[in-house]
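Sequence lines set the chain letters: A, B, ... in the order given, protein chains first and strands last, and positions in each chain run from 1.
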Amino acid sequence: MSRKLPMGKQHRTAISPTRTEDYPQWYQQVIKAADLAEVSPVRGCMVIKPWGWSIWENMQQVLDGMFKDTGHVNAYFPLFIPMSFLEKEAEHVDGFAKECAVVTHHRLEPGPDGGLVPAGPLEEPLIVRPTSETIIGSMYARWVQSYRDLPIKINQWANVVRWEMRTRMFLRTAEFLWQEGHTCHATKEEALEETRLMLDVYADFAENTMAMPVIKGEKTVDERFPGAVSTLTIEAMIQDRKALQAGTSHFLGQNFSRAQEIVFQDQQGQQQFAWTTSWGVSTRLVGALIMTHSDDDGLVLPPRLAPKQVVILPIIKEDDTRQSILEYCESLKQDLESRYYADGKIRVMIDDREMRGGEKKWYHVKRGVPLRVEVGPRDIENNQVYVGRRDTGENQSIGRDEFVQGIVETLEQFQQALFDRALKLREDNTKEINSLEEFEEYFSEKDEQQGGFAICYFQEGDQQVLDKIAEYKVTIRCMPLDSNDQEGTCVFTGQSGARQAIFARSY
RNA sequence: CGGGAUGUAGCGCAGCCUGGUUAGCGCGUUUGACUGGGGGUCAAAAGGUCGGAGGUUCAAAUCCUCUCAUCCCGACCA
């Protein structure tokens, strides 16, 4: 890492190692450099710092609006779930029992060595929710008697705990934040429609707000949510060409309503089990966002989620110009803030801290502020501003008024450019594969650059397929919803009548 | 939960194999001067019980045991 090279010919990157040198390490360093989060004293848990939190807040705000626009309301259910609730749905138990935090006592008492020891054992242990199907279902069972009580469409924003063996910042933490929607319907069709609708909401959010292209698909039997009849997913491709499950929407059929007796009387007076769905996205999306757009100089944020879309840096050389420069910056800020982008005021900050120019610039580069506007005496004289774009690194002088008038379009172009770049990466690294040799070559260990998404026909539920892909550390991501419904020959077994799926290494 | 690596100042590291005076370096921080459209320059300074607990030894960052944590690779999952 060279300290300084003359004439701007330097290759020093703000983040080291770079993505190509060591992708996982780069990811950690971006989080640190952008001040998004830190590990906590509790293993596997993270502290989300203000800049990182603000990104999540923006995600929440947009998603929450989308949920409400599709007829959902928010509510809150308890953190603690009676252990017996989990036992009611067999597959659900299998899926989550291994990773539950369990509360067994309700008091602490002084111990023999001066410390504290748990006391007051609970009659029935409580688990900290790993997801809330069971406790919400138990309430729905009380609330539902008639078809007139349906549908129920509730979302909750909450934290959940899954005692993971291996954790990574944002992508997999023991405690994470998410929203979980839980709906209850009179008919199967309506529940299926809901499952699909919410997948579309997620895909819309991922692509239009996060600028992250996703593939909508259905999970295979082996990959689906424990207890679900079917699981729909949006799958993103990260810059290292691995797949990341970014959101899921589950059709739960009558599995949970049977287990929890969510029963209603239909119009014919018959008792029927309700049809339920659940769907969620989590703080993992922040990780997805980081990995999709950021570069070797740190975080890159799409304008729609950036806590600040524009940072104004006053260039103050002499004290007697200070006042006029700051006033100019303030009025620029107000002009920008009077404009609206993506349903909100443009988010602008002035950074007038006593700090050297270059250092201050890099501070904001690493944090991913989309546009950097520098204002010095010369700019004021010419009524212009010097604008730097985070994604391309381009800088240009532009008339102040022109800049203000074009700001919305500039941000939208920025947003679109990130999406286009990410989409190109995915398209360049997606390949239809029709033979086992091709598959083996594509995911060959020899060349790290190999791999990406492979589209193959495959025979669902065949052990041969699972064995082969395990050999290459590849998983079946999903069966794309928009793939042609044609049947083909399974790449792994040679059987006909196979369906198409996306195969990839994944997080 | 298995395999591997690492834990020394805010960050990044050296020192450990071959124990031995006040534990170093770069960046950052503080102060002063000079600078000023760019991750400055010069000078000075502050900052560490070497992850934790035991042990071996006259003597431990260094050797041994245990433990905790982080990271990577697996298995498992948002």
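Toward the 5' end of RNA chain B, the nearer of the two residues A/G44 and A/T173, judged by each one's closest nucleotide, is A/G44. Remark on RNA chain B: of its neighbouring residues A/I380 and A/D222, the 5'-side contact belongs to A/I380, judged by nearest-heavy-atom nucleotide.
The 12-atom threshold is exceeded at CD of A/E460, counting heavy atoms of other residues, nucleotides or ligands nearer than 6.0 Å.
Comparing atom distances between the A/R166 side chain and each of B/A78, B/C77, B/C73 picks out B/C73 as nearest.
Rounded to a whole Å, the CG atom of A/D22 is 13 Å from the C1' atom of B/U6. In this structure, CZ of A/R505 is placed 12 Å from P of B/C73, rounded to the nearest angstrom. In this structure, A/R372 places its CZ atom 13 Å from P of B/G39, rounding to the nearest Å. The interatomic distance linking A/L171 (CG) with B/C71 (C1') rounds to 14 Å, in whole Å. Rounded to a whole Å, the CG atom of A/D35 is 12 Å from the C1' atom of B/G10. Here B/C71 presents its P atom at 11 Å from CD of A/Q29, a figure rounded to the nearest Å.
Residue A/K366 has no polar side-chain atom (N or O) positioned under 4.0 Å from OP1 or OP2 of B/G39. Within the 4.0 Å cut-off from OP1 or OP2 of B/C73, at least one side-chain nitrogen or oxygen of A/R168 is found. Contact annotation: A/R162 does not reach the phosphate of B/C76 (side-chain N/O to OP1 or OP2, under 4.0 Å).
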(message) Show me the dot-bracket string of RNA chain B, counting Watson-Crick or G-U pairs under 3.5 Å, with | for pairs to another strand and [ ] for crossing ones.
(response) ((((((((.[[[[.)....(...]]]].((((((.....)))))).....[[[[[..)....]]]]])))))))....
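For the pair A/E207 (side chain) and A/V214 (backbone), a donor-acceptor distance under 3.5 Å is present.
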